[in-house]
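Comments concern the structure below.
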Amino acid sequence: GERGRVEAILLGARAHAVETLDALAARYGSSDPARLCGLLFGKDGFQPNLRNYYDPRNSLLDQVLDRRRGIPLSLAALALAVAERCGAPLAGVGMPGHCLLAETRGDDAGVRRYFDPFDGGRELSIAQVGGLHVRLLGRPLPPGSLRTVDHRVMLVRTLANLRIAYGRHHQLEGLAWVLPLLADCCESGTEARQELAVVL
C-alpha cells in the first residue's frame, strides 16, 4: 500500500545519499580538515543558499546533495559525513545561531582550528568566530558556546530548523512529519506534541 511505497522511496533516497557521500569522499577526501573544507565548499563545491535560506530542502541532506545548496547546519553535516569516510578529524560546533566545523586533536587537547561551511569552508580564528557571532546575533559569544556536539544534537537542531521552515511556508504536511520526530528527540516533547495537535 501507500506505506510500502513511501518506505521504498525513503530507502531509495537513503541509498542514493550514501552513494553520493561515498563519491564525494573519493573525489574530495583528505585527512586534512582545511583541505577537505576548501574542496567541499570552494567555488565549485557546495554553496550557501542565501536567496532562500528558509527553504525546507536546505535541511534535508538528500536535497542538499542534489541541489548543492544548504544552510550552515546541513553543510556541516555533509562535511562530517565525508570526513568520517576519509578519516579527517572534524566535529560539529553548535554555536548559537550558526554551525561551524572544528578540527579536533586526537589527544583530547581540544579544538585546533574552526571552519565555516557557510563561507566557503574558510578557516576562522577564535577572534573571528567571536566577531561572526556579534555580526549574526549582535552580542558577544557566551562562554562555553564553542563546544563540539554529537550527532544527536545536530539532529535535534535540524528538526528544529525544519519546524521553522515548514511553519514559515505553511506546509502542514511537513510539520505533521517533523513534529513527532522532534517530540521523540527532546527530553520534554510537550510543546511539539501540542503544536502537532493544532496542525492535525
Side-chain angles (χ1 to χ4, degrees), residues 1-33 35-49 51-94 99-101 104 115 117-118 120-121 148-166 169 171-186 189 192 196:
E2 180 66 15
R3 182 182 175 119
R5 186 182 74 80
V6 170
E7 287 178 359
I9 291 170
L10 291 174
L11 286 173
R14 182 184 186 281
H16 175 66
V18 168
E19 286 176 16
T20 305
L21 290 167
D22 289 344
L24 287 170
R27 181 176 178 189
Y28 297 128
S30 173
S31 59
D32 174 20
R35 178 169 167 71
L36 177 62
C37 289
L39 291 170
L40 275 177
F41 304 120
K43 64 177 182 174
D44 297 323
F46 290 82
Q47 301 295 312
N49 191 340
R51 295 185 66 199
N52 196 356
Y53 188 91
Y54 291 100
D55 185 333
R57 295 176 296 175
N58 291 333
S59 293
L60 301 170
L61 187 57
D62 63 319
Q63 297 293 311
V64 173
L65 289 169
D66 286 344
R67 299 168 63 239
R68 300 179 74 81
R69 295 281 183 276
I71 57 176
L73 181 57
S74 61
L75 294 175
L78 161 71
L80 292 175
V82 175
E84 287 176 359
R85 286 164 166 76
C86 57
L90 275 177
V93 176
C99 190
L100 299 172
L101 293 161
T104 55
F115 304 93
F118 206 64
T148 59
V149 295
D150 61 19
H151 293 318
R152 181 179 178 81
V153 171
M154 293 185 73
L155 171 63
V156 171
R157 284 183 70 159
T158 297
L159 293 172
N161 285 345
L162 281 166
R163 174 193 201 177
I164 292 168
Y166 285 132
H169 288 85
Q171 293 182 4
L172 297 182
E173 287 183 15
L175 284 170
W177 166 74
V178 79
L179 287 170
L181 296 173
L182 190 56
D184 288 345
C185 288
C186 296
L196 176 61

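Just so we're clear, the structure is a prediction, and the values are computed from it rather than from any experiment.
Partners of Arg152 under the side-chain contact (heavy atoms from CB on, under 4.5 Å) rule, at least two apart in sequence or in another chain, are Asp150, Cys185. The ring-ring contact (aromatic ring centres under 6.0 Å, His included) check on Tyr54 picks up nothing, with sequence neighbours excluded. A search for side-chain contact (heavy atoms from CB on, under 4.5 Å) contacts involving Gln63 returns Arg57, Leu60, Arg67, not counting sequence neighbours. Every residue meeting the salt bridge (charged side-chain N to carboxylate O under 4.0 Å, His left out) condition with Arg163, not counting sequence neighbours, appears here in chain and number order: Glu191, Glu195. With sequence neighbours left out, the salt bridge (charged side-chain N to carboxylate O under 4.0 Å, His left out) criterion links Arg85 to Asp22. Looking at residues two or more places apart in sequence or on another chain, you find a side-chain contact (heavy atoms from CB on, under 4.5 Å) between Asp184 and Arg193. Every residue was checked against the ring-ring contact (aromatic ring centres under 6.0 Å, His included) condition with Phe46, not counting sequence neighbours, and none meets it. Residues that satisfy the side-chain hydrogen bond (donor to acceptor under 3.5 Å, both in side chains) test with His169, not counting sequence neighbours, are absent from this structure. In this view, Ala83 and Leu36, Ala88, Leu90 satisfy the side-chain contact (heavy atoms from CB on, under 4.5 Å) rule, not counting sequence neighbours. When the salt bridge (charged side-chain N to carboxylate O under 4.0 Å, His left out) test is applied to Asp66, no partner is found at least two apart in sequence or on another chain. For Asp32, the side-chain hydrogen bond (donor to acceptor under 3.5 Å, both in side chains) partners at least two apart in sequence or on another chain are Arg113.
For Gln47 (side chain) and Gly42 (main-chain N/O), a donor-acceptor pair under 3.5 Å exists by modelled atom type. Counting only distance, with no hydrogens or angles, the side chain of Arg157 and the backbone of Leu73 share no donor-acceptor pair below 3.5 Å. With hydrogens and angles ignored, the 3.5 Å screen pairs no side-chain donor or acceptor of Asp62 with any backbone N or O of Ala17.
Smallest separation of non-hydrogen atoms from Pro72 and Pro117: O-CG, 3.7 Å. Residue Leu182 comes nearest to Ala160 through the heavy atom pair CD1-N, 4.1 Å, listed as atom of the first residue, atom of the second, then distance. Closest non-hydrogen pair, Ala25 versus Val82, comes out as CA-CG1, 3.8 Å.
With rounding to the nearest 0.5 angstrom, the OH atom of Tyr53 is 9.0 Å from the CD1 atom of Ile164. With rounding to the nearest 0.5 angstrom, the OG1 atom of Thr158 is 7.0 Å from the CG atom of Leu162. One distance of note links CG of Asp55 with CG of Asn49; it measures 6.5 Å at 0.5 Å rounding. One finds the CG atom of Leu100 at 12.0 Å from the CG atom of Leu75 (value rounded to the nearest 0.5 Å).
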Legend entry - Test log, rule side chain to side chain contact (heavy atoms under 4.5 Å, CB included), inputs Phe41 and Phe115: CA-CA 10 Å; Phe41 304 120; Phe115 304 93; over 6 Å; no
Legend entry - Worked verdict on Leu24 versus Leu78 for side chain to side chain contact (heavy atoms under 4.5 Å, CB included): CA-CA 10 Å; Leu24 287 170; Leu78 161 71; 3.8 Å; yes
Inset, instruction - Could you walk me through whether Leu196 and Leu175 pass the side chain to side chain contact (heavy atoms under 4.5 Å, CB included) test, one step at a time? - result: CA-CA 7 Å; Leu196 176 61; Leu175 284 170; over 6 Å; no
Legend entry - Met154 vs Leu80, side chain to side chain contact (heavy atoms under 4.5 Å, CB included): CA-CA, chis, key distance, verdict: CA-CA 11 Å; Met154 293 185 73; Leu80 292 175; 3.4 Å; yes
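Under the side-chain hydrogen bond (donor to acceptor under 3.5 Å, both in side chains) criterion, no residue pair touches residues 71-83, with sequence neighbours excluded.
Crowding of Arg68 atom CZ: a count of heavy atoms from other residues, nucleotides or ligands under 6.0 Å exceeding 12.
Residues Leu179 and Tyr166 form no side-chain contact, since every pair of their non-hydrogen atoms from C-beta on lies 4.5 Å or further apart.
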